[in-house]
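Take a look at the structure below.
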Amino acid sequence: RTGGNGVVLCHGFPNKGRGAENSGKSFPELADRLSVSLGWPVLTLNFRGCATSEGNFEIDGWQRDIAAAVAYLSDLGATRVWLVGFGTGGSLCICEGATNPAVVGVAAAASPGDFDDWARHPRALVDHARAIGVIRDRHFPADLAAWQRGLTATRPVDRVVELAPRPLLLLHGSADEIVPAVDPLALADAHGSAEFRMIEGAGHELRHDPRAVAMLTGWLSRTSRHSD
């Protein structure tokens with residue numbers, strides 16, 4: 001391990017066409033690529049409700065999943081944990097980094113600054129989550145209002161200032177059809193010293209874009225040296 005660095009790699013909310021069973025399916029390959037390139041351990045996870053992970057989607061639960069992954073990587077000997085997330089995963093990485101001193105930096109790709117749109121229509125989101133398989137228990141959530149409050153309270157754009165001055169990389173595709181460019185711009189502005197990269201012609205799923213992966217790898221390598 002180089003300097004005790006390690007990465008927690010987080011997927012996003014599954015697209016309707018792919019469904020929960022295929023969530024994060026390509027992330028072990030990306031984790032291997034990052035690990036080989038950097039010489040660091042890279043841990044990827046399936047959030048609760050996704051792939052073979054138990055449980056049901058709730059934003060607070062996904063946040064706890066990241067915290068558990070950071071603790072696990074730290075227990076393995078990583079003294080400097082970097083969080084890398086895509087979509088919703090990137091937003092939650094920012095929130096985790098804001099409160100967890102073990103996190104030394106965050107990279108978020110195609111990530112929203114808040115979940116207000118989801119929170120405005122909680123019942124529709126629950127129905128959608130059932131349709132794609134991230135909510136499996138027909139009695140979940142037992143308290144829709146509490147589930148909704150978790151979405152309202154999760155605001156990376158308000159929390160990112162607590163991450164500063166630790167480094168933040170924001171990647172976004174100019175053709176992202178899901179998250180508007182105003183979100184990463186607001187996150188960068190609130191952080192104050194974030195590195196923002198717009199990838200021309202790229203859509204939402206940046207993990208499949210070699211330019212994004214190259215930018216991410218280069219940023220991790222360069223920034224880790226500067227922050228030693």
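Atoms considered below: every heavy atom in the structure, side chains included; atoms not considered: hydrogens, waters and symmetry mates. Numbers here are sequence positions counted from 1.
- One hydrophobic cluster, built from ILVMFWY side chains closer than 4.5 Å, holds both Val157 and Met198.
- The main-chain N or O of Arg48 is never found under 3.5 Å from a side-chain atom of Asn56 such that the two would form a donor-acceptor pair.
- The distance from the CG atom of Leu170 to the CG atom of Leu185 is 9.0 Å, given to the nearest 0.5 Å.
- Trp118 pairs by the ring-ring contact (aromatic ring centres under 6.0 Å, His included) definition with Phe13, Phe115, not counting sequence neighbours.
- Residues passing the side chain to side chain contact (heavy atoms under 4.5 Å, CB included) test with Val213 are Leu30, Arg33, Thr217, sequence neighbours excluded.
- For residues 137-149, the set of pairs meeting the salt bridge (charged side-chain N to carboxylate O under 4.0 Å, His left out) definition, not counting sequence neighbours, is empty.
- In this structure the side chain of Glu195 never reaches within 4.5 angstrom of the side chain of Pro167, judged on heavy atoms.
- Note on residues 106-116: pairs passing side-chain hydrogen bond (donor to acceptor under 3.5 Å, both in side chains), not counting sequence neighbours, are Asp116-Arg155.
- Between Phe47 and Cys10 the shortest side-chain heavy-atom distance falls below 4.5 Å.
- In terms of modelled atom types and a separation under 3.5 Å, the side chain of Thr44 and the main chain of Ala31 share no donor-acceptor contact.
- Placement of Val106 and Val161 in two distinct hydrophobic clusters is found when ILVMFWY residues are connected by side-chain heavy-atom separations under 4.5 Å, directly or transitively.
- Using a distance-only test at 3.5 Å, with no hydrogens or angles considered, no donor-acceptor pair links the side chain of Trp147 to the main chain of Phe140.
- Two residues are said to be in side-chain contact when any heavy atoms from C-beta on lie closer than 4.5 Å; Ser221 and Leu38 meet this criterion.
- Heavy atoms only, all atoms of each residue included: Arg211 and Ala202 are closest at NH2-CB, 3.8 Å.
- Across Ala107 and Leu216, no two heavy atoms sit closer than the pair CB-CD1, 3.6 Å.
- Every pair tested for ring-ring contact (aromatic ring centres under 6.0 Å, His included) that includes a residue from residues 183-204 fails, sequence neighbours excluded, so the list is empty.
- With values rounded to the nearest 0.5 angstrom, Leu168 atom CG is found 7.0 Å from Leu187 atom CG.
- The two residues Val134 and Pro14 come nearest to each other via the heavy atoms CG1-CG, 3.5 Å.
- Judged as a side chain to side chain contact (heavy atoms under 4.5 Å, CB included), and not counting sequence neighbours, the contacts of Ala69 are Val8, Leu43, Leu45.
- The two atoms that bring Leu206 and Gly173 nearest to each other are CD1-N, 4.0 Å, heavy atoms only.
- If you take CG on Asp158 and SG on Cys95, they are separated by 9.0 Å, rounding to the nearest 0.5 Å.
- Under the ring-ring contact (aromatic ring centres under 6.0 Å, His included) criterion, the residue pairs touching residues 85-105 are Phe27-Phe86, with sequence neighbours excluded.
- Listed by first and then second residue, the ring-ring contact (aromatic ring centres under 6.0 Å, His included) pairs involving residues 149-172 amount to none (not counting sequence neighbours).
- Summarising the hydrophobic clusters (Ile, Leu, Val, Met, Phe, Trp, Tyr; side-chain heavy atoms under 4.5 Å, direct or chained), the residues clustered with Val179 are Ile178.
- Panel note: side chain Arg207, backbone Ser26; no donor-acceptor pair is recorded below 3.5 Å.
- Pairing each heavy atom of Gly89 with each of Ile66, the nearest pair is O-CD1, 4.2 Å.
- Looking only at side-chain heavy atoms (C-beta outward), Phe57 and Trp62 come within less than 4.5 Å of each other.
- For the side chain to side chain contact (heavy atoms under 4.5 Å, CB included) criterion with Thr154, the lone passing option out of Thr88, Leu92, Ile94 is Leu92.
- No side-chain heavy atom of Val42 sits under 4.5 Å from any side-chain heavy atom of Asp32.
- Taken from CG in Asn46 to CG in Asp65, the straight-line distance is 10.0 Å, to the nearest 0.5 Å.
- A heavy-atom distance below 4.5 Å is not found between the side chains of Ile135 and Asp127.
- Closest approach of Cys50 and His11 over heavy atoms only: SG-CE1, 3.7 Å.
- Listed by first and then second residue, the salt bridge (charged side-chain N to carboxylate O under 4.0 Å, His left out) pairs involving residues 162-172 are Arg159-Glu162 (not counting sequence neighbours).
- For Glu54, the CD atom is loosely surrounded, since the number of other residues' heavy atoms within 6.0 Å does not exceed 12.
- A donor-acceptor pair is defined here as one N or O able to donate and one able to accept, closer than 3.5 Å; such a pair exists between the side chain of Asp183 and the backbone of Gly113.
- Residues that satisfy the side chain to side chain contact (heavy atoms under 4.5 Å, CB included) test with Glu29, not counting sequence neighbours, are absent from this structure.
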Starting from the C-alpha separation in whole Å, work towards a yes-or-no answer on side chain to side chain contact (heavy atoms under 4.5 Å, CB included) for Asp209 and Leu171. CA-CA 11 Å; Asp209 191 303; Leu171 299 173; over 6 Å; no

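- In this structure, Trp82 and Val103 have side chains that are not in contact, with every pair of non-hydrogen atoms separated by 4.5 Å or more.
- Cluster membership check: Leu83 shares its hydrophobic cluster with Leu76, using side-chain heavy-atom separations under 4.5 Å among Ile, Leu, Val, Met, Phe, Trp and Tyr.
- Applying the side chain to side chain contact (heavy atoms under 4.5 Å, CB included) rule to Thr152 yields the partners Ala119, Gln148; only residues at least two apart in sequence or on another chain are considered.
- Glu96 and Arg64 are not joined by a salt bridge, as no carboxylate oxygen comes within less than 4.0 angstrom of a charged side-chain nitrogen.
- Under the 3.5 Å distance criterion, with hydrogens and angles disregarded, no donor-acceptor pair is assigned to the side chains of Arg80 and Ser224.
- In this structure, Ser91 contributes its side chain and Pro156 its backbone to no donor-acceptor pair below 3.5 Å.
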